[in-house]
Amino acid sequence: NIFRAAGDLSHLISILILLNTIQKSRSIAGISLKTQILYVLVFLTRYLDLTYRYVSIYNTLMKLFFISSSIYIVYLMIYKFKNTETEQIDTFPIEYLIGGSFILSLIFNYKFQFGEILWSFSLWLESVAILPQLFMLQRTGEARTLTTHYIFALGAYRTLYIPNWIFRWISEGRVDYLAIFTGIVQTIIYSDFFYIYYHRVLKGFKFELP
Amino acid sequence: TESIINHDEL
């Protein structure tokens, strides 16, 4: 359906914006390494199911793309364009996010089974993975426009999945409570950012937090 | 093993 297609496209675009920003400016200023490491974890734990579950060629290719691009971005950030200044303000305690997601995945899953726990873990972790990045924005008070486009596209992906879930609930009777709940949590976390993005970036102002 | 929900999304 259109929402899911738009969501996936927006997810894809967010990664391309990020890669392009890093390659062109040859800098990772303002980008949170911790958030990027969390995304590697999210993609690895959710998408390694491609080794034992086949959905479609589209699904497989997208999974491969997200795993490899997220690892590549972390590689660029650590080895190629290391930025100690940015690292110094990247101080969000992600161990709590990882630990909390792990505990929640043990409690909430469709079956107490390795693959299902990993899937649940990835959903919880994804819902909060942007926090170190938003935290960094708050500390610096402003961001490069491209960085805000990246965050917007990434947030739009899960937000667009919400009407997709409603659509699938109506048309197929399919309801994935875990994905829906964590997707809503994720959208709420982004809501403040969306608001500022809409009021400043789209109207041509610099991204500055009030 | 089949999962309860078919994980076919990204």
Side-chain angles (χ1 to χ4, degrees), chain A residues 1 3-5 7-12 15 42-43 45-50 52-56 58-67 109-120 122-123 126 157-158 160-162 164-165 167-169 172-180 182-183, chain B:
Chain A
N1 67 62
F3 303 111
R4 192 169 160 195
D8 287 350
L9 188 68
S10 150
H11 195 185
L12 199 66
I15 309 274
V42 166
F43 295 148
T45 51
R46 189 178 312 160
Y47 297 157
L48 275 185
D49 70 347
L50 65 85
Y52 59 87
R53 179 190 293 125
Y54 180 77
V55 179
S56 65
Y58 165 79
N59 190 279
T60 301
L61 287 177
M62 290 291 261
K63 284 174 174 173
L64 285 173
F65 172 78
F66 289 123
I67 291 174
N109 51 65
Y110 291 117
K111 215 173 197 181
F112 203 78
Q113 207 176 56
F114 188 67
E116 289 298 322
I117 290 168
L118 279 189
W119 179 273
S120 172
S122 78
L123 291 174
E126 187 196 344
Y157 143 65
R158 220 56 182 170
L160 282 162
Y161 258 49
I162 295 174
N164 153 60
W165 291 320
F167 182 86
R168 294 192 74 180
W169 174 51
E172 300 167 37
R174 179 192 190 278
V175 186
D176 185 339
Y177 296 104
L178 263 176
I180 293 171
T182 55
Chain B
T1 40
E2 274 288 308
S3 57
I4 295 161
I5 283 273
N6 175 27
H7 300 303
D8 59 358
E9 289 173 341
L10 290 164

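Convention: sequence-line order gives letters A, B, ...; per-chain numbering from 1. A quick note: this is a predicted structure, and the numbers were derived from the prediction, not measured.
Looking at heavy atoms from C-beta onward, A/Arg174 lies in side-chain contact with B/Ile5 at the 4.5 angstrom threshold.
For a residue to count as touching a neighbouring chain, one of its non-hydrogen atoms must lie under 4.5 Å from one of that chain's; by this rule A/Tyr177 does not touch chain B. Only the side chain of A/Asp8 comes within less than 4.5 Å of a heavy atom in chain B; its backbone stays farther off. Contact annotation for A/Tyr52: neither backbone nor side-chain heavy atoms come within less than 4.5 Å of a heavy atom of chain B.
The two atoms that bring A/Phe43 and A/Ile67 nearest to each other are O-CG1, 3.9 Å, heavy atoms only.
At a cut-off of 3.5 Å, with distance as the only test, no side-chain donor of A/Tyr54 or A/Asn59 sits close to an acceptor on the other residue.
Note that NE2 of A/His11 and OH of A/Tyr161 are 8.5 Å apart. Values are rounded to the nearest 0.5 Å.
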